[in-house]
Amino acid sequence: MKILPVTPESLKEGAEILKNGGLVAFPTETVYGLGADAFNAQALAKVFEVKGRPHFDPLIIHIATIKSLEKVASLTLLNEKTRNKLFVLAENLWPGPLSIILPKNEKIPGIATAGLQTAAIRFPAHETAQKLISFSTGAVAAPSANPFGSLSPTRAEHVCDGLGNKIDMILDEGPTRIGLESTVLDITGDVLKILRPGGTPKEAIERLIGPVADGSSIVDDSTAHASPGQLKSHYAPRASLNTLSREEIINKVIEPNTAFLFFDGATRDVWLKTQKPQELFVLRFLSETGDSMEAASRLFETLHELDKHQVSRIYAQLAPNEGLGTAINDRLKRGEKK
Ligand code: TXA
Ligand code: MG
């Protein structure tokens with residue numbers, strides 16, 4: 001396996017690997033993806049194997065132009081009203097951290113979509129990702145480049161630690177900008193639904209196409225689930241994670257071997273005043289000013305780092321539940337073990 005900086009040569013080499021059925025990890029604006037040619041069933045099977053990902057959990061297909069939708073989706077299966085909404089979303093929010101569930105076409109093998117007739121399609125806002133996609137076949141299936149159930153990678157080193165020798169190449173372009181995954185929006189049913197909150201806030205979608213429902217209920221791992229990708233143990237750090245409201249974390253006292261992860265600097269300061277600092281502990285915060293965009297970009301990064309500290313428990317403060325705060329809270333709650 002090679003880790004290469006992004007150059008015209010490494011991009012070309014990566015595209016060749018994809019065309020030949022290999023796996024290339026690459027940066028997007030959200031997290032690093034593990035790419036395979038979306039039209040090649042064997043390459044897609046390798047993605048599931050390498051990640052240890054269950055076959056019922058479908059992949060996101062990445063494209064690099066709106067026009068490429070025709071290569072991967074059957075838009076004629078959508079009614080006119082839905083098709084119009086799709087184009088409003090695509091023209092305003094693509095490229096960007098939004099995956100839209102659409103009817104797939106026959107060229108996308110069933111393994112990509114876990115046998116579903118729909119596929120999640122995304123046009124990432126990242127030049128390297130776009131070039132890699134267009135230099136290969138124009139459609140790259142890419143889950144986050146981490147072993148199934150663990151934290152998503154926001155740096156090439158995270159990919160290397162998790163999947164290192166199992167893949168052909170990692171294109172390294174430093175930390176990702178948004179730091180958590182795309183919003184997954186289902187527009188195929190009568191009710192438009194967010195299946196996974198992410199980098200595009202619900203409010204931005206609703207401004208364009210009206211109300212959308214919250215379909216991102218967290219499903220217990222042991223039960224069967226209609227909407228894949230809602231497994232509770234997704235995005236889990238090694239330590240036990242407990243989420244707390246602002247009031248709860250302010251009242252929590254230091255315990256040995258425990259990390260405190262604050263959403264904002266003000267809450268941290270209130271908490272610090274009441275603590276006896278003689279105990280050893282790890283303290284982190286996501287945004288000094290409580291900016292949810294900054295906090296989102298530091299969430300996985302900080303959890304990866306806390307994993308290295310070998311703390312046994314993390315108390316994490318929930319974000320205000322709006323904008324990107326919704327996605328932060330979703331990931332924190334999914335990271336909680338019972
Ligand atoms: O930001 C992202 O979306 C990153 C980067 C690499 O683009 N990718 C990513 O992929 O997060 P992954 O595989 O980790 O998550 C894909 C999510 C899962 O929750 C999956 O269940 C859902 O999308 N999904 C994919 N296809 C679907 C479908 N046809 N119906 C419902 N959910 C689907
Ligand atoms: Mg993932």
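Note that ligands are numbered from 1 as they come in the structure, with each ligand's atoms numbered from 1 the same way. Position 1 is the first residue of the sequence; numbering continues from there.
Ligand-side atoms of ligand 1 in range of V184: 23 (O), range being under 4.0 angstrom from any heavy atom. Every atom of ligand 1 with a heavy atom of L116 under 4.0 Å away is listed here by number and element: 28 (C), 29 (N), 30 (N). Residue-ligand proximity, H62 to ligand 1, at heavy-atom distances under 4.0 Å covers atoms 5 (C), 6 (C), 7 (O). Against a heavy-atom cut-off of under 4.0 Å, G33 is close to the following atoms of ligand 1: 6 (C). Counting the atoms of ligand 1 from 1 in the order shown, those under 4.0 Å from a heavy atom of L195 are 31 (C), 32 (N). Here is the list of ligand 1 atoms found below 4.0 Å of a heavy atom in L59: 25 (C), 26 (N).
Remark: K104 NZ to T188 OG1 distance equals 14.0 Å, nearest 0.5 Å.
At distances below 3.5 Å, not a single donor-acceptor pair connects side-chain atoms of D307 with backbone N or O atoms of P237. Put simply, the side chain of H126 gets close to the backbone of T128: a donor and an acceptor are under 3.5 Å apart.
Residue contacts with ligand 1 for T118 involve both N, CA, C or O and side-chain atoms from C-beta outward (heavy atoms, distance under 4.0 Å). Contacts with ligand 1 closer than 4.0 Å are made by no heavy atom of D186, backbone or side chain. Residue D57 touches ligand 1 through its side chain alone, judged by heavy-atom distances below 4.0 Å. Residue contacts with ligand 1, taken as heavy atom pairs separated by less than 4.0 Å, involve A142 solely via the backbone atoms N, CA, C and O. At a 4.0 Å heavy-atom cut-off, ligand 1 does not touch K193 at all.
Geometrically, ligand 1 and Y32 share no nitrogen or oxygen pair separated by less than 3.5 Å. In terms of polar-atom proximity, defined here as any N/O pair under 3.5 Å, T28 makes no such contact with ligand 1. Ligand 1 has no N or O atom lying under 3.5 Å from any N or O atom of K51, backbone or side chain.
Residue-environment remark: CD (E305) exceeds the threshold of 12 foreign heavy atoms within 6.0 Å. In this structure, E203 places its CD atom where more than 12 heavy-atom neighbours from other residues, nucleotides or ligands lie under 6.0 Å away.
Judged by the 6.0 Å and 45° rule, R268 forms a cation-pi pair with F285. The cationic atom of R313 (NZ for Lys, CZ for Arg) does not lie both less than 6.0 Å from the six-membered ring centre of F260 and within 45° of the ring axis.
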Step-by-step side-chain hydrogen bond (donor to acceptor under 3.5 Å, both in side chains) determination, T30 to S182: CA-CA 6 Å; T30 57; S182 63; 5.8 Å; no

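Within the structure, ligand 1 has I101 among the residues with a heavy atom less than 4.0 angstrom away. Within the structure, the closest approach of P124 to ligand 1 does not fall below 4.0 Å when heavy atoms are considered. The closest approach between K104 and ligand 1 stays at or above 4.0 Å for every heavy atom of the residue.
Partner of R155 under the side-chain hydrogen bond (donor to acceptor under 3.5 Å, both in side chains) criterion, out of H304, E301, E173: E301 alone.
For the pair E29 and R122, the salt-bridge criterion is met [side-chain N within less than 4.0 Å of a carboxylate O]. Here E16 pairs with K19 in a salt bridge; the nearest charged N to carboxylate O distance falls below 4.0 Å.
The distance from the Mg ion (ligand 2) to the nearest N/O/S atom of S152 is not under 2.8 Å.
Counting only non-hydrogen atoms, the option in P58, G35, A25, P27 that gets closest to atom 24 (N) of ligand 1 is P58.
Under the 4.5 Å side-chain contact rule for hydrophobic residues, L163 and L151 do not share a cluster.
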